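Read the structure below first, then the notes.
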Amino acid sequence: MSKYPFHQIEKKWQQHWEEHKTFRAKEDPSVPRERRAYVLDMFPYPSGSGLHVGHPEGYTATDIYCRYLRMKGYNVLHPMGFDSFGLPAENYAITTGTHPRITTEQNIEKFRSQIKGLGFSYDWDREVSTHTPEYYRWTQWIFLQLFKRGLAYESDTPINWCPDCLTGLANEEVIDGACDRCGTQVRRKTIRQWILKITEYADRLLEDLEKLDWSDAIKAMQRNWIGRSEGANVRFSVERSEETLSVYTTRPDTLFGATYMVLAPEHPLVKKITSDEQREAVEAYLEKAEKKSDLERTDLAKEKTGVFSGAYAVNPVNGKSIPIWIADYVLISYGSGAIMAVPGHDQRDWEYARKYHIPVVEVVQGGDVEQEAYEGTGINVNSGFLDGLQTEEAIESMINWLESKGLGERAVNYKLRDWVFSRQRYWGEPIPLVHCSSCGIVPVPEENLPLMLPEVDSYTPSGTGESPLAKIDDWVNTSCPNCGEAAKRETNTMPQWAGSCWYYLRYLDPRNDQEFASQECIDYWMPVNLYVGGAEHAVLHLLYARFWHKVLYDLGKVNTKEPFMRLVNQGMITSYAYQRRDKSLVPHDEVEETESGAYVEKHTREPVEPVVAKMSKSLKNVINPDEIIESYGADSMRMYEMFMGPLQVSKPWSTKGLTGVYRFLDRVWRLSQREVTDGQPPQHLLKLLHKTIKKVSVDTGNLDFNTAIAQMMVYINELFKQEGLCRSLWEPFILILAPYAPHLAEELYQQLGHHSSLAYAEWPGWDEQLCREEETEVVFQVNGKVRAKVMMSADADEQAMKQSALDHEKIRKWIDGRDIVKTIAVPKKLVNIVVK
RNA sequence: GCGAGAGUGGUGAAAUUGGCAGACACGCUAGACUUAGGAUCUAGUGCCUUACGGCGUAAGGGUUCAAGUCCCUUCUCUCGCACCA
């Protein structure tokens with residue numbers, strides 16, 4: 001066993017912090033606003049498999065940052081909790097009959113102890129779990145506010161139905177046509193759903209992104225998801241019919257080029273306008289389209305299919321009669337579910353027109369519409385009153401024309417769709433509404449919240465689309481809060497996103513039973529200064545949370561338009577796996593290393609190559625943090641995760657690599673066993689100390705933890721070479737090590753005679769004078785190639801540098817007898833002599 | 001297909017404004033030492049070359065006294081979106 005007693009040290013200090021409530025955050029009004037920091041981690045779903053090495057990465061990063069800020073004198077709020085409603089616990093309940101609360105709370109227990117084992121400086125007094133009635137009371141309360149503002153509505157729209165989970169899924173939860181959770185192929189089913197009108201906030205969600213200190217990549221993803229576009233709605237009349245057909249277009253300037261129209265198969269007008277001759281063909285096509293899953297409909301994009309409806313519309317600008325087709329390349333869920341097709345200037349329409357021999361008309365110059373659609377801008381032709389106009393003017397002119405004739409108007413469209421908010425599930429927040437036959441939908445009075453999740457006999461969904469709650473008659477049957485007559489409760493529950501939409505607010509005031517959080521606490525801490533989590537939540541969670549926050553802002557309940565000022569996404573921690581020649585992957589335990597250092601598959605002796613892959617159970621390359629902590633200690637685990645590389649990029653785990661930081665900490669420990677003296681330290685070490693303090697301070701503030709650690713290693717390697725141990729070189733180092741390896745640092749700090757925790761000790765400053773070098777190495781180059789290196793005074797001027805280079809004997813060898821064209825000197829760096 | 005990002009030793013990676021490519025760590029090699037440990041310590045370690053020196057940041061080209069860094073072309077990988085009218 002090692003000399004470094006991390007087991008003992010880590011246990012001791014974790015107990016100390018817990019007993020002394022070292023990291024409790026208080027709303028101290030004497031701390032000015034700019035010295036307060038709210039640093040937030042994305043809270044975990046407490047799954048049955050416990051923590052994996054990915055969780056501690058972000059948590060370690062924020063912990064280091066928080067510990068650093070505390071030592072810099074900041075008042076820091078750093079809470080942790082659990083996103084504890086969710087499908088796995090319920091699916092487990094369905095198969096075993098165990099109440100999801102029981103499994104969930106066991107899992108929370110396990111997660112909490114694992115997280116505590118890493119020595120994170122959370123204020124545990126603020127812990128929240130979304131499944132507790134004290135918490136979901138306020139989730140329900142916020143839902144009621146949305147409902148009262150008209151932001152929640154019922155709709156019978158077709159939804160994505162997972163036949164395995166027997167539940168509806170939001171569009172966003174369907175990945176490649178399969179259920180996000182269980183992978184089952186999703187089907188369409190029509191069901192009554194609660195929907196939240198997030199689209200009403202689309203513009204603000206888009207605009208307010210500007211102010212946020214988020215990566216451009218994440219902002220771009222959100223922008224893309226919201227998908228705002230500007231254009232016009234145009235109404236076409238249908239020949240021999242009273243109907244009008246409304247379409248959305250971003251290119252009203254191409255209206256003269258619209259030679260046909262297309263309806264999505266689900267469009268309500270399809271049945272009304274289809275002619276008798278075409279009815280059979282249309283019905284056959286509709287049936288085919290219905291059977292296609294979304295996956296097929298999007299994947300079969302290469303070959304567009306459709307059918308003529310037999311009906312014609314009138315192009316309002318030129319009175320021409322144009323055919324109306326039905327095709328599934330038009331989506332019912334975007335725009336009006338119908339388009340005007342301009343084959344000259346839209347590639348999809350072009351392909352379709354070619355296939356069905358529909359005329360292609362050029363109305364914007366710039367391409368060759370015989371070869372392909374021209375989607376760019378240019379001068380309008382064949383366009384009546386638009387002829388000769390540039391695209392931008394043509395668009396304006398056409399919109400004005402449409403508006404003046406009452407045939408259309410300027411319009412904005414979004415890809416973003418409203419949020420399907422109900423789940424036919426047991427393990428979620430009950431939606432606090434009552435259906436009354438005379439009063440309609442009535443909210444449960446706020447003073448009666450929480451609406452408790454009742455106990456049930458069976459967690460199995462009814463299979464009809466209703467949640468297990470529908471089977472409990474004495475819960476479902478209630479009286480109307482309004483008129484007192486018999487009424488029925490809403491039996492849908494909320495999705496898992498609900499609880500995570502506002503948890504960062506509950507941490508501010510977690511035991512408040514009067515409101516979700518007091519104004520004082522919100523004012524004191526908000527907004528979140530730094531939010532760290534996985535990129536997988538880049539769109540959904542962050543968009544939903546921002547939406548709820550804006551609603552609360554409109555209600556006057558929060559003081560900021562945006563909840564999270566700075567967002568950092570940590571990269572994924574991957575692992576090595578082994579790959580056969582045919583690129584298939586081999587599980588970890590079926591590979592062994594040969595004597596020559598190559599890898600072979602055990603039973604076939606086939607050579608395999610190590611490659612980086614996601615950790616997965618099937619590849620058996622999952623790293624368990626408990627084992628790492630047991631063998632190397634939490635401080636090593638923390639430091640290694642930060643040493644691997646930049647926080648934001650994904651990087652492969654290597655337990656061998658971890659031994660590097662373990663050895664470093666062991667070396668620090670062995671240093672501490674030397675006698676500490678009070679003498680004057682050697683100048684070169686003092687200078688190195690100050691450079692180290694500077695680099696660690698700057699890098700920690702920028703979350704560049706890997707380079708900060710490297711610098712501490714450099715320092716310790718030098719310090720180790722010196723005999724003895726100078727207190728003035730040692731104590732500041734312990735303080736800068738503290739955020740990274742807090743257990744060891746506390747122990748060493750105590751060894752130096754301190755009696756309290758270093759958690760609030762003053763972060764050491766550095767002396768800029770000592771960080772400066774009097775002498776630097778200067779490179780002499782001839783034609784850009786390094787020919788000599790010399791030490792020179794840092795303030796040598798360019799002239800002196802040039803002269804010294806020209807006089808240098810190695811340089812003379814290269815320049816003698818040649819013409820010097822030019823000489824460049826860069827102070828402290830180099831001299832370059834250009835010769836011919 | 002579109003969009004974003006990335007390609008640096010055997011490996012993870014460093015490298016203000018263009019200014020010594022490879023810090024730090026793993027691994028490897030040699031030696032020392034021993035309380036034989038998951039040790040530890042010392043030295044070495046980009047490639048070619050006995051040396052002088054040459055070549056090296058995915059490939060090719062360009063700008064510059066000087067390019068990992070700036071510009072152009074190509075390739076590969078990762079992520080996101082996927083008929084958004």
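In what follows, every chain begins at residue 1, and chains take the letters A, B, ... in the order their sequences are listed. Every value quoted in this text rests on a predicted model; they were computed, and no experiment measured them.
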Classify the nucleic acid contact of [X] as base, sugar-phosphate or nothing, counting any heavy atom under 4.0 Å across all strands shown.
X	answer
A:Gln711	nothing
A:Lys785	sugar-phosphate
A:Asp349	nothing
A:Ser654	nothing
A:Asn706	sugar-phosphate
A:Arg787	sugar-phosphate
A:Asp346	nothing

base_contact_polar (B:C83 base, A:Lys304 side chain, donor-acceptor, <3.5 Å): yes
Donor-acceptor pair under 3.5 Å, A:Gln347 side chain vs B:C83 base: no
Residues which pass salt bridge (Lys or Arg N to Asp or Glu O under 4.0 Å) with A:Lys651, listed by chain and number, not counting sequence neighbours: A:Glu57
Residue-level proximity of residues 638-649 of chain A to RNA chain B when a heavy atom falls under 4.0 Å: A:Phe643, A:Met644, A:Pro646
Over-ring placement of A:Arg674 relative to A:Phe720, 6.0 Å and 45° cut-offs: yes
Partners passing side chain to side chain contact (heavy atoms under 4.5 Å, CB included) against A:Lys822 (at least two apart in sequence or in another chain): A:Ile824, A:Val834
